[in-house]
2 protein chains.
Amino acid sequence: MSQDAQVSSSSAPTLEDVARVAGVSRATVSRVVNGVRNVDPAIQEAVRAAVTATGYRPNRAARSLVTRRAETIALVVSGAGGDSPEEQDAFAARAFGDPFFGRVVSGVIGYLRPHGMHPVLMFAETAAARAEVVAYLRQGSADGALVVSTHAEDPLPPMLAEAGLAAVLFARPARPVPLSYVDLDHRDGGRLAAERLLGLGRRRPATIAGPLDVPAGQERLAGFRDAMARGGQPYVPVAEGGFTARSGAEAMARLLADHPDLDAVFAANDLMAEGACRVLLEQGRRVPEDVAVVGFDDSPAATACRPPLTTVRQPVEDMAAEMARLLRQRIEAPGTPVTSAVFDPELVVRESA
Amino acid sequence: MSQDAQVSSSSAPTLEDVARVAGVSRATVSRVVNGVRNVDPAIQEAVRAAVTATGYRPNRAARSLVTRRAETIALVVSGAGGDSPEEQDAFAARAFGDPFFGRVVSGVIGYLRPHGMHPVLMFAETAAARAEVVAYLRQGSADGALVVSTHAEDPLPPMLAEAGLAAVLFARPARPVPLSYVDLDHRDGGRLAAERLLGLGRRRPATIAGPLDVPAGQERLAGFRDAMARGGQPYVPVAEGGFTARSGAEAMARLLADHPDLDAVFAANDLMAEGACRVLLEQGRRVPEDVAVVGFDDSPAATACRPPLTTVRQPVEDMAAEMARLLRQRIEAPGTPVTSAVFDPELVVRESA
DNA sequence: AGCTGCCCTGAGAGCGCTCTCCCCCTGTTG
DNA sequence: CAACAGGGGGAGAGCGCTCTCAGGGCAGCT
């Protein structure tokens, strides 16, 4: 039946059509369709019936035109990549190759969906792409942006802030930007790793830190060291890595050379932990018997690793959902001050520690 | 200066503003901004100057309202999942955990970007979500859909076709649907694997097939068998797997039990190949010396595997770009008949064969 | 010179929706 | 009973854009 009505009007039904069917004015239908405000229940009922009878769907463009809201938000994967097409492909592949983004997307959609919104996916890996993101938002095609940066020195957030656009970041930017963000309590993650190792009775720990110019890298290390110090281990050898398996392996080799008697390693991410495990195994150390290893992220690398890694997990979906919530809030009430939401990590115990 | 103009008009500049600055009518500015048609070069110049001076950006909603084009397309990750929130999360994580989707996204964006379009990301894993995708499109919020199904029996494509909506699929659906699609020549992929193994002098091949109710599963097998037959190996033992590492391992164990002297295995995807390698190694077979293994997909599992897998790669980015191109074409000219674009796979030689 | 026809430009009518008036009707109060 | 308040509903003005239509100017033709 709804199809008949649909077809008869030769095109998608409009408010006008619904009004005619319900025997009321356009304004009343609009009132019912949107936040119902002061409408006689009987009429509401009639309108609702007319809506289903006609198969009416509000035209988003028409609505946006007058409300000046796109009812759309941009999900921007941002980073400082190169400008060649190959690098762009590589950027995208790298970004999405990491299941981390899948979890972000999942969390964002999980929040947005009940609100009838859908994210527009954008990459901002080049200067041109960043300009386009800003233009897209200024143009009103999206009401705000959710930004996930792959690099700490991402130039996009400052651009967004300067243009006065609504945006929320995943992870605290390296230098302060007047934008809300969600982040993990990396310090606490480091603490969790330390306490696990301490609880296992390990007394000669070492750590493979992430890049120390990235907040996450610094804080995971700081948290680990603090907790170790509190646990009676004031001195912890550190080797810096670059969040890759190879860098983890190299760092592990250095640590082993300098401290052959170590019995525990905390790597600031799973990839480095995996590299570390490989080196450990190659050098004849058993994991976890001889050396316990704790990673960070709970990425697939954690389960793929032999042995499966004990690791620190971030509630990425929850964080992403909160990011979306903060953005919506900012869009609704542009005046609200910027805030941040910091989430607690969780220790996932597997076999490596 | 563009900022001054921007600010002075207190809000985003409109066509009217540009027209005033350029000293022409709205219509003329519109003509210049869009496909320039019969406009005096001098006036074009003046308009363009006014556009940059004012920092004008067409309002997408207003334009969409009259053109009845959203200039947006939906990128739908579709599948038949469960309806619980956990399953939805799992769905998303699974979908994006697979770098395959990253490559699809990358290819789609690569094509769309130069056309000033951006994809809206949607999941269609439940009946409600599917209904919403259809509603979203009927509502005109997007001009068409790019559908990537995780299951062969995805109900979304038929729904889209029936609603008369523009859509293009990734991979041929299990049962015919009047929709265009892009796909890989899976048969040829099977052939490539067979010829590699044959070229290596292997004479006792076996294969771990994918699910045989999926076109890709059937065709990879058929192509492999045909090429083997042509190469003088009419009989090839088959074990069916489910595209997971575990199923690959189990299939491998079965094959080994029945055919202990096999010297080559073609697994219909890398995950199964990885599982197969593990079993092979556990049972004391060396890869590739005793048994050569070829996978399919060239996923990260291929490089993560010990030894790294020789595998068949699909040009996913190109396929995704073509999918977007076909969709745009269909949107521009709705009358054109549905077509399909079949791409050629490529053998990537690593160490396992 | 007068006419035809073409090229270019402007005027203006909407696209479908929201939202501000404004009016009417009912219920309440002096 | 008159005056008023207030809730419920309709009329209508746009939001910014595209596109049709008509008109003005000019070249080429008879």
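Quick note on labels: first sequence line is chain A, next is B, and so on, each numbered from 1.
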Provide a list of protein-nucleic acid N or O atom pairs under 3.5 angstrom, restricted to nucleotides 23-28 of chain C.
none

Q: Let me see the working for A:Glu16 and A:Arg20 under side chain to side chain contact (heavy atoms under 4.5 Å, CB included), right down to the final yes or no.
A: CA-CA 6 Å; A:Glu16 194 73 52; A:Arg20 202 175 316 116; 3.9 Å; yes
Donor-acceptor check, side chain of [X] to backbone of [Y], threshold 3.5 angstrom: yes or no?
X: A:Ser180; Y: A:Val338; answer: no
X: B:Asp143; Y: B:Ile73; answer: no
X: A:Ser30; Y: A:Arg26; answer: no
X: B:Arg328; Y: B:His115; answer: no
X: A:Ser141; Y: A:Gln139; answer: no

(Q) Quick check on contacts: within residues 62-70 of chain B, what sits under 4.0 Å from DNA chain C by heavy-atom distance? (A)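 Listed by number, they are B:Leu65, B:Val66, B:Arg68.
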Starting at atom [atom1] of [X], determine the distance to atom [atom2] of [N], rounded to an integer number of angstrom.
X: A:Asn34; N: C:dT20; atom1: CG; atom2: P; value: 13 Å
X: A:Arg31; N: C:dC19; atom1: CZ; atom2: P; value: 11 Å
X: B:Arg57; N: D:dC17; atom1: CZ; atom2: P; value: 12 Å
X: B:Tyr56; N: D:dG16; atom1: OH; atom2: P; value: 10 Å

Q: Check the side chains of B:Asp154 and B:Ser78 for a donor-acceptor pair under 3.5 angstrom, ignoring hydrogens and angles.
A: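 There is such a pair between these side chains.
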Q. Picking from C:dT18, D:dA11, D:dC17, which would you name as closest to the side chain of A:Ala27?
A.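 Shortest atom-to-atom distance from the side chain points to D:dA11.
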Q. Between D:dC17, C:dT18, C:dT20, which nucleotide has the shortest distance from any of its atoms to the side chain of B:Leu15?
A.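 Comparing D:dC17, C:dT18, C:dT20 against the side chain of B:Leu15, the answer is D:dC17.
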Q.
Within residues 38-49 of chain B, which residues have any heavy atom lying less than 4.0 Å from an atom of DNA chain D?
A.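 Contacting residues: none.
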Q | side-chain contact (heavy atoms from CB on, under 4.5 Å) partner of B:Val51, the single match among B:Asp17, B:Val18, B:Leu15 | A |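 Among B:Asp17, B:Val18, B:Leu15, the one meeting side-chain contact (heavy atoms from CB on, under 4.5 Å) with B:Val51 is B:Val18.
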Q) Should A:Ser30 be listed as having a side-chain N or O under 4.0 Å from OP1 or OP2 of C:dC17? A)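 Checking A:Ser30 against C:dC17: no side-chain N or O falls below 4.0 Å of OP1 or OP2.
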Q. So, is A:Ser25 close to the D:dG10 phosphate, meaning a side-chain N or O under 4.0 Å from OP1 or OP2?
A.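 Affirmative; the distance criterion is met.
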**Q.** A:Leu326/A:Met323 under side chain to side chain contact (heavy atoms under 4.5 Å, CB included): CA gap, chis, key distance, verdict
**A.** CA-CA 5 Å; A:Leu326 286 175; A:Met323 185 167 59; 5.9 Å; no
Q | Nearest-nucleotide comparison on DNA chain D, the residue closer to the 5′ end among B:Arg60 and A:Thr28 | A |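 Final value for this comparison: A:Thr28.
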**Q.** Residue whose nearest DNA chain C nucleotide is more 5′ - B:Val24 or A:Glu16
**A.**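 Going by which nucleotide is closer to the 5' end, it is B:Val24.
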Q. Is a donor-acceptor contact shorter than 3.5 angstrom present between the side chain of B:Arg26 and the base of D:dT18?
A.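 Such a pair is found, so the answer is yes.
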Q: Compare all side-chain heavy atoms of A:Arg60 with those of A:Thr72 and state whether any distance is below 4.5 angstrom.
A: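 When only atoms from C-beta onward are counted, A:Thr72 and A:Arg60 do touch, with a gap below 4.5 Å.
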Q | Distance, nearest 0.5 Å, that separates CE of A:Met117 from CD1 of A:Ile331 | A |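 Rounded to the nearest 0.5 Å, the CE-CD1 separation comes to 5.5 Å.
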